[in-house]
Each structure stands twice: as structure tokens, then as C-alpha cells.
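Worksheet: the structure to be examined is printed underneath.
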Amino acid sequence: MSPNICWLCKTFRAEENRIISRLSLDEVLQWSQSFEKLITSKHGPMIYKTYLKTEHSEENIDFWLACEAYKKITSQRKRIYVARKLFASYIQPQAPKEINIDSPVKKSIIKNVQEPTQSCFDEAQQEVYIHMERDSYPRFLESKFYQQLKYRLQTDSIKEKGRKLAPLA
């Protein structure tokens, strides 16, 4: 077993009871219908991030989620602070969690971060979304991680139905 799988198993087991008890089979099955359903579901982003850690690309979901939170900021002062933080963490060359975006988009952000608007990261967020949707999302659906999660919830669902159908003594 590879170190990544081992680490993933440990990480997932540590959170397993808390998370799986909140997951429904329906939610997990919907994730395979579209990336949009995964990313906008209640637990999908967290589960997807756990998977992305195994690929060493969790910066993509982190950035996407940070942009979603950024768009909700109403205070201009806080927006400036958070925009600079996002820039330093994800956009600037050699950033600790540098994301892969086109040069023109990066240049636009460099210009706009001086006086950030609610939408100054939209193009970069869209690029990251497309990268995840086309690249890591299909691998996520085929991964042992997702398949085992789905299997576990299906098995639990069957056991639960059996308990409900069992005759009373």
C-alpha cells in the first residue's frame, strides 16, 4: 500500500464516524452526476478536498472555496485585506499554494488587487473550476476513495433496510 493511501486511510478513519454519519447515500451518488453537484453539496467539497490531498492539489479547492467566501464580504476594508491574502497565498509567483492560471488572468488580478472588487478573482476561480472539473473530478469518481465510500454507504443502507424489515420477536 502506498504512503498516500495509508495517509488517506488514516485521515479518513479519523473523521470517518463524524462525516459518514452525516453523509447520505443519495448525496454521494449525486456527486457522480456532475462536478457542480459535488462542489455545491453539503459535504462534497470536504470529501473532494480529502481526495485532492492524495494528488497534492488541494490548493485548487482551497482557492475555489476561498473565492466563494470572498464574494460574500461586504466591508471594503475586509475585502482589501482578504484579497491581498488570497493573492499572497495563491496567485503571486512562488506563492505557498500557487494555482495554475493563465498569465493574462494573473496580470488582471495583479492590477485589480490594488483596489479589489467583489469579482476580481472570478476569472481565476473559473479557470480553477474548469481544471478540477476536467482533470481531477473524473479521477475522483474512478478512485478507490470514492468507490469505497459509495460501497460503504450502500452496504449501510442495505443493513438499515434489513433492520427495518426484520420481524419483531
### Message
Considering only residues two or more places apart or on different chains, which pairs with a residue in residues 30-42 satisfy salt bridge (Lys or Arg N to Asp or Glu O under 4.0 Å)?
### Response
none
### Query
Quick one: salt bridge (Lys or Arg N to Asp or Glu O under 4.0 Å) pairs with a partner in residues 89-101, sequence neighbours left out?
Asp62-Lys97, Glu98-Lys106
For the residue pair [X] and [Y], establish whether any side-chain heavy-atom pair is separated by less than 4.5 Å.
| X | Y | answer |
| --- | --- | --- |
| Tyr90 | Val128 | no |
| Glu123 | Ile109 | no |
| Ser136 | Glu55 | yes |
| Pro45 | Lys49 | no |
| Tyr70 | Pro116 | yes |
| Ser108 | Asn112 | yes |
| Gln92 | Phe87 | yes |

Judged by atom type as modelled, is there a donor-acceptor pair below 3.5 Å linking the side chain of [X] to the main-chain atoms of [Y]?
| X | Y | result |
| --- | --- | --- |
| Glu27 | His43 | yes |
| Thr50 | Met46 | yes |
| Thr155 | Tyr151 | yes |
| Gln125 | Cys67 | no |
| Asp135 | His131 | no |

### Query
Is it the case that Asp26 and Gln30 place a side-chain donor and acceptor less than 3.5 Å from each other?
yes
Distance-only check: which donor-acceptor pairs under 3.5 Å involve side-chain atoms of residues 77-86, not counting sequence neighbours?
| unit_1 | atom_1 | unit_2 | atom_2 | d |
| --- | --- | --- | --- | --- |
| Arg79 | NH1 | Gln76 | OE1 | 3.0 |
| Arg79 | NH2 | Ile73 | O | 2.7 |

### Query
With under 30° as parallel and over 60° as perpendicular, where do the rings of Trp31 and Tyr146 fit, or are they tilted in between?
tilted
### Task
Please state whether the rings of Tyr129 and Phe35 are parallel, tilted or perpendicular, taking 30° and 60° as the class boundaries.
perpendicular
#### Entry: Near-ring test Phe140/Tyr48, centroid separation under 6.0 angstrom
yes
